[in-house]
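Report on the structure given below.
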Amino acid sequence: MAYAYDDQNIFAKILRGEIPNNTVKETDHTLAFKDIHPQAPDHVLVIPKGSYVTADDFALSASDAEIIDFWRVFGEICTKLGVSPDNGNGYRIISNAGEDGVQEVPHFHMHILAGRPLGRMLQPA
Ligand code: AMP
């Protein structure tokens, strides 16, 4: 079953240019911008321009071109931030989905967090 997409979500409004954003990189299929409430010195959100609700929706329904572009942009952001463990101190990627994932914005997005030690992966429930 296809996900129902709410085109009034805040990232849809950003993509339509109705709300400003602090763009880090933009391509035909993907937008990367700074999170408005950063949880680390570097906190960038990477989103597809297409209407996908979650990571699994994107993985199952997006075109090959969209998926490749998304991951290339992710890699380029890591290079730009200088956070790759190859030459930096590393990073964490997170994509919250649904109720248990505590997803606030129902447009698929991946958080890139970096710039300080990030602690263990999860807080105790
Ligand atoms: P979540 O859906 O739980 O993964 O979190 C949504 C993220 O979007 C949060 O980290 C918010 O700070 C961020 N966010 C919400 N509105 C904006 C905005 N207008 N510009 C940039 N980031 C935003």
Side-chain angles (χ1 to χ4, degrees):
M1 194 186 91
Y3 277 85
Y5 181 81
D6 171 14
D7 68 4
Q8 293 307 306
N9 79 76
I10 200 146
F11 294 170
K13 291 180 180 177
I14 285 175
L15 288 167
R16 289 195 295 267
E18 296 166 12
I19 292 176
N21 76 93
N22 196 339
T23 299
V24 178
K25 186 173 177 73
E26 181 169 11
T27 65
D28 285 351
H29 295 302
T30 308
L31 178 68
F33 55 100
K34 293 191 178 178
D35 195 292
I36 203 165
H37 296 303
Q39 305 294 312
D42 295 313
H43 189 168
V44 175
L45 300 171
V46 186
I47 70 172
K49 291 186 173 177
S51 305
Y52 306 103
V53 180
T54 59
D56 59 290
D57 185 21
F58 180 68
L60 292 170
S61 303
S63 67
D64 291 1
E66 290 174 297
I67 292 171
I68 290 167
D69 189 70
F70 180 89
W71 285 105
R72 286 273 189 268
V73 168
F74 157 68
E76 288 164 13
I77 300 297
C78 290
T79 300
K80 192 169 185 170
L81 296 175
V83 299
S84 167
D86 196 36
N87 54 16
N89 287 334
Y91 58 86
R92 179 170 295 153
I93 56 176
I94 296 173
S95 186
N96 300 313
E99 191 178 334
D100 283 359
V102 195
Q103 181 178 9
E104 290 173 12
V105 180
H107 180 112
F108 167 48
H109 52 283
M110 191 169 72
H111 300 255
I112 305 175
L113 296 149
R116 67 167 171 80
L118 295 165
R120 300 280 302 208
M121 186 167 63
L122 293 174
Q123 304 288 338

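Numbers here simply count residues along the sequence, with the first being 1.
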Side chain Lys80, main chain Val24, donor-acceptor under 3.5 Å
yes

With heavy-atom distances below 4.5 Å as the criterion, would you say the side chains of Asp7 and Arg16 are in contact?
yes

Should His111 and Leu45 be marked as a side chain to side chain contact (heavy atoms under 4.5 Å, CB included) after you check the CA-CA gap, both sets of side-chain angles, and the distance that decides it?
CA-CA 5 Å; His111 300 255; Leu45 300 171; 3.3 Å; yes

Between atom CZ of Phe70 and atom CZ of Phe108, what is the distance when rounded to the nearest 0.5 Å?
3.5 Å

From CG (Asn22) to NZ (Lys34), nearest 0.5 Å
5.0 Å

Side-chain (His107) to main-chain (Pro48) donor-acceptor, under 3.5 angstrom:
yes

Using a 3.5 Å cut-off and no angle test, enumerate the donor-acceptor pairs between side-chain atoms of residues 113-125 and protein atoms at least two apart in sequence or in another chain.
| from | atom 1 | to | atom 2 | distance (Å) |
| --- | --- | --- | --- | --- |
| Arg116 | NH2 | Gln39 | O | 2.7 |

hydrophobic_cluster_shared for Ile77 and Trp71, side chain cutoff 4.5 Å:
yes

For Glu104 and Asn96, indicate whether the former's side chain and the latter's backbone hold a donor-acceptor pair under 3.5 Å.
no

With hydrophobic residues grouped by side-chain heavy-atom distances under 4.5 Å, do Val46 and Val83 end up in a single group?
yes

Between side-chain atoms of residues 61-68 and protein atoms elsewhere (two or more places apart, or another chain), which donor-acceptor pairs fall under 3.5 Å?
| from | atom 1 | to | atom 2 | distance (Å) |
| --- | --- | --- | --- | --- |
| Ser61 | OG | Asp57 | O | 3.3 |
| Ser61 | OG | Asp57 | OD1 | 3.4 |
| Ser63 | OG | Glu66 | N | 3.1 |
| Ser63 | OG | Glu66 | OE1 | 3.2 |
| Glu66 | OE1 | Tyr52 | OH | 2.7 |
| Glu66 | OE1 | Ser63 | N | 2.8 |
| Glu66 | OE2 | Tyr52 | OH | 3.2 |

Hey, mind stepping through Leu31 and Asn21 against side chain to side chain contact (heavy atoms under 4.5 Å, CB included) and telling me if it holds?
CA-CA 10 Å; Leu31 178 68; Asn21 76 93; 4.3 Å; yes

Non-hydrogen atoms of Lys25 and Thr27 that approach each other most closely:
CE-CG2, 4.1 Å

Do you know which two heavy atoms are closest between Tyr5 and Asn9, and how far apart they sit?
OH-ND2, 3.1 Å

Closest approach of Val53 to Gln103 (non-hydrogen atoms, all atoms of both residues)
O-NE2, 2.9 Å

According to the interplanar angle, ranging from 0 to 90°, do the rings of His109 and Phe11 count as parallel (below 30°), tilted (30 to 60°) or perpendicular (above 60°)?
perpendicular

Is the shortest heavy-atom distance from the side chain of Phe33 to the side chain of Ile14 under 4.5 Å?
yes

Side chain proximity check, Ile10 to Ile19, heavy atoms < 4.5 angstrom
yes

In short, Phe74 meets Ile93 closest at the heavy-atom pair CE1-CG2, 3.4 Å

Heavy-atom closest pair, residues Pro85 and Tyr91:
CD-CE2, 3.9 Å

Nearest-0.5 Å distance, OG1 of residue Thr79 to CG of residue Asn87
7.5 Å

So if you build clusters from Ile, Leu, Val, Met, Phe, Trp, Tyr with side-chain heavy-atom gaps below 4.5 Å, do Ile47 and Ile112 land together?
no

Should we say atom CG of Asp56 is surrounded by more than 12 heavy atoms from elsewhere, each under 6.0 Å from it?
yes

